[in-house]
Amino acid sequence: MEELPKAYNPRETEQRIYKLWEESGFFSPEGLPCVALAKRGKIPEPKPFTIMMPPPNATGILHMGHALMLTLEDIMIRYRRMRGFKTLWLPGTDHAAIATQAVVEKEIYKKEGKNRHDLGREELLRRIDEFVSQSRKTIQKQIRVMGASCDWSREAFTLDEKRSLAVRTIFKQMYDDGLIYRGNRIVNWDPKGQTTISDDEIVYEERKTKLYTFRYAKDFPIAISTTRPETKVGDTAVAVHPDDKRYQQYIGKEYNLDFCGVPLNIKIVADPAADPEFGTGAVGVTPAHSMTDWEIAKRHNLSAPQVISEYARILVGDERIRGKKTSEAREEIINWLKENNLLEKEEEVTQNIATAERTGGIIEPLPKLQWFVNVNTKFKIKNSKLKGLQSGSETTLKDIMRNAVASGQIKIIPDHFAKTYFHWVDNLRDWCISRQIWYGHQIPVWYHEPKCIPRTGHEGDIVKCKDTIVAAAAPKCEFCDAKFIQDPDTLDTWFSSGLWTFSTLGWPEKTKDLEAYHPTDILETGYEILFFWVARMIMMSGYALGDIPFRDVYLHGTVRDAKGRKMSKSLGNGIDPIDVAEKFGADAARMALVVGNTPGTDTRIWEDKIKAYKHFANKLWNISRYILMNTPISNFKFQISKPQSITDADKDILAKLEALVKSVTDNLDRHIIHEPANQIYQFVWHEFADIYIEKSKVQLQDVQQKENTQKILLYCLNTILRLLHPFAPFVTEEIYRQLPQKEAELLVVAPWPFQHSGL
RNA sequence: GGGCGGCUAGCUCAGUUGGUAGAGCGACCGCCUUACACGCGGUAGGUCAUAGGUUCGAGUCCUAUGCCGCCCACCA
């Protein structure tokens with residue numbers, strides 16, 4: 001036996017080991033020994049165990065959150081693989097529409113001073129594709145560095161051909177079922193990003209602002225309060241509470257007046273949305289630029305003139321305000337109010353202002369023609385495997401989302417997140433899915449341009465093509481030569497991510513993979529995308545397949561720095577997992593991320609913590625060196641079965657090992673990761689090394705005890721390697737290769753000790 | 001405004017059905033002992049946020065309070 005180096009060198013080992021694994025084919029279910037054995041009829045067909053990797057955004061590089069995700073999932077997968085499951089862990093990347101386009105646009109602007117319109121749609125998309133293919137390669141490399149045992153042969157991308165077909169197919173189905181519609185509604189417009197965004201992409205920032213109380217005109221009977229005087233040029237009503245005695249006499253009356261050069265027709269309406277306690281108790285209603293005002297306007301049949309443009313500039317009035325930015329127009333209007341003695345009060349208030357998560361732009365609510373997913377419309381579900389929902393019965397997308405969790409068919413870990421989930425589902429409004437950006441899945445809707453001219457058909461009847469056609473491919477008009485033009489908008493990136501559990505398996509085709517691996521077993525992801533993604537997957541899978549996308553949801557927390565701050569580029573406090581793997585080894589990084597990290601709770605990480613687990617890997621390495629040095633193979637045959645105990649120390653260590661195996665197994669079965677990781681650490685260092693190995697030094701001197709002690713040492717080491725392998729795969733595999741006798745070619749597919757421990 | 005989580009050793013955190021408080025890092029003292037100085041042996045350090053309650057027994061269950069954090073909604 002060749003002498004092992006004194007210290008373990010992860011850098012030298014890890015790349016070599018990963019290559020070995022990848023070439024073994026064990027990362028694909030087809031390559032697993034259990035599958036081969038079943039094929040030859042030696043064992044029954046193994047059960048599948050499937051995880052779809054949450055696809056990292058194709059915007060750049062992996063961060064610590066990804067490293068945590070990869071570690072947790074790899075532990076789950078490696079454990080099941082060793083237990084003899086037919087494991088599939090499918091990797092991929094997300095095109096992350098808005099985020100990616102923003103990154104590339106920014107870069108181009110910085111280098112060339114050009115914006116997207118200078119380049120044109122085609123050229124911009126070419127540039128983004130180039131960037132993304134580079135970025136994807138980087139990500140794939142980094143996933144390997146972390147030791148992720150995923151099936152690269154099935155790697156997917158949310159914008160590749162197969163996934164695009166899935167998107168177009170489900171869009172058409174949902175459209176035909178009345179679940180997708182085009183409507184003119186108030187949307188969240190981001191003037192900076194020049195696109196709509198969904199409710200979930202808004203972040204609120206607290207700011208100090210002024211609340212102005214004023215009258216539209218001298219002879220107007222009611223004063224109103226607002227923080228946005230510039231929008232008042234779009235007012236069509238004043239709403240008061242129906243029970244508010246102060247204003248009863250005015251309800252129903254209309255006033256024509258001039259407001260800073262803009263003629264307004266204001267009707268006084270009674271609406272419960274007006275809070276008598278706030279301000280003057282009267283609300284100036286601006287239907288086109290406020291979500292709640294739009295609702296009031298709908299109830300009272302009021303017009304909704306748009307007075308603010310997509311560039312956040314005023315569209316009406318004279319030179320004082322027309323064409324000006326909203327902030328400038330606000331000053332003008334306040335001056336005008338002061339000049340005319342209409343301003344009654346000015347007070348400081350704190351206000352939560354809506355901003356776009358990606359660009360930071362202040363959201364301008366605007367009425368726009370957009371595509372929506374209707375979450376409340378009933379439709380007939382075709383084939384349902386959902387609990388409490390029979391095939392052919394009526395349901396809504398909202399009910400599907402709610403019931404999947406309420407029925408217990410999907411379990412969320414930790415379970416208190418179910419409450420948050422229900423609250424979100426219950427308050428869910430229709431989902432705006434169209435975006436005015438170019439990168440992404442272009443909406444599969446075609447418009448007849450110009451509109452089809454009716455003409456006389458063969459039987460003398462008047463024929464005309466539809467103006468709008470929803471289809472997976474470009475249609476042709478039967479009656480004229482005019483072209484159909486595809487809707488220029490693209491879909492919200494989460495629309496395609498919502499299909500992830502089944503689009504990755506080949507849907508809409510009826511593939512063998514889909515049959516074998518869906519629903520998946522567990523979805524492991526960060527709690528911050530419970531709504532964005534988890535809920536949407538439940539919805540999409542429920543609709544498309546009549547089934548849940550996964551049985552369990554494991555939510556991990558945010559990885560923070562030593563001071564508990566979020567890691568961010570602007571703070572510069574991020575720790576790069578790849579640097580860490582380079583410096584301390586991927587095994588150390590994995591252990592540090594996982595020990596003491598309970599689901600749903602944020603965790604902190606810093607270099608010293610990782611270093612501790614590098615030391616642990618080294619400890620294990622030296623334990624192995626000691627054992628291998630003291631157990632020359634020529635002396636006896638290594639036995640896999642449990643050895644006898646002669647001394648009290650023998651008895652004690654074997655009992656503790658057995659308890660450890662049981663505990664680690666129980667915990668992993670229940671998706672508890674942090675506890676077993678720590679238990680193994682404690683056992684290896686403070687039971688096995690500190691106590692038994694020290695005792696063994698004496699026992700090895702005793703002729704009566706020598707051979708049995710050797711057996712126990714090897715037995716313990718072998719068991720430890722297998723228990724620890726899911727957590728620290730590299731160092732364990734490397735040591736396993738040195739064992740004189742082993743039960744499998746590689747530790748990746750060695751049987752889990754549970755099956756041999758006689759428990 | 002509504003909801004959720006946290007408050008345990010100097011720091012970061014475990015503590016799985018209630019049964020005499022744990023780990024890592026750090027600190028201090030002593031050791032280059034032939035597996036490991038990425039190490040070994042030892043020491044110090046906690047009224048488990050506060051106040052009640054249930055129980056033979058509570059960090060663990062219940063109630064209230066305080067502080068910190070997060071999520072959602074949003075009053076114009």
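We name chains A, B, ... by the order of the sequence lines, and we start the count at 1 in each one.
Atom CD of A/Gln351 is separated from atom P of B/rC74 by 13 Å (rounded to the nearest Å).
The A/Thr598 side chain lies nearest to B/rA14 when the options are B/rA35, B/rG24, B/rA14. Considering only side-chain atoms of A/Thr292, the nucleotide from B/rA35, B/rA23, B/rC75 that sits closest is B/rC75. If you check B/rC71, B/rC40, B/rA35 against the side chain of A/Ala689, the one that comes closest is B/rA35. Closest contact between the side chain of A/Ala7 and the listed nucleotides B/rA35, B/rU16, B/rC38 involves B/rC38.
Both key distances under 3.5 Å define a Watson-Crick or G-U pair, and stretches of 3 or more such consecutive pairs in RNA chain B run B:1-7 with B:66-72, B:10-13 with B:22-25, B:27-31 with B:39-43, B:49-53 with B:61-65.
Two rings, from A/Trp431 and A/Phe372, have their centers 6.0 Å or more apart.
For A/Lys210, the side-chain contact (heavy atoms from CB on, under 4.5 Å) test picks out A/Tyr212, A/Glu346, A/Glu348, with sequence neighbours left out. Looking at residues two or more places apart in sequence or on another chain, you find a ring pair (Phe, Tyr, Trp, His ring centres under 6.0 Å) between A/Trp621 and A/Tyr8. Scored by the ring pair (Phe, Tyr, Trp, His ring centres under 6.0 Å) test, A/Phe220 finds A/Tyr216, A/Tyr255 as partners (sequence neighbours excluded). Judged as a ring pair (Phe, Tyr, Trp, His ring centres under 6.0 Å), and not counting sequence neighbours, A/Phe683 has no contacts. Applying the salt bridge (Lys or Arg N to Asp or Glu O under 4.0 Å) test to A/Asp652 and every residue at least two apart in sequence or in another chain returns A/Lys656. Partners of A/Trp424 by ring pair (Phe, Tyr, Trp, His ring centres under 6.0 Å), not counting sequence neighbours, listed by chain and number: A/Phe531. By the salt bridge (Lys or Arg N to Asp or Glu O under 4.0 Å) test, A/Glu344 pairs with A/Arg215, sequence neighbours left out.
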Show the distances under 3.5 angstrom between N or O atoms of the protein and N or O atoms of nucleotides 25-28 of chain B.
none

Table of protein N/O atoms under 3.5 Å from nucleotides 3-7 of chain B N/O atoms:
none

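Pairs of residues two or more places apart, or lying in two chains, that qualify as salt bridge (Lys or Arg N to Asp or Glu O under 4.0 Å) and include a residue from residues 264-273 of chain A are A/Asp271-A/Arg299. Listed by first and then second residue, the salt bridge (Lys or Arg N to Asp or Glu O under 4.0 Å) pairs that reach into residues 234-247 of chain A are A/Lys232-A/Asp235, A/Asp244-A/Arg246, sequence neighbours excluded.
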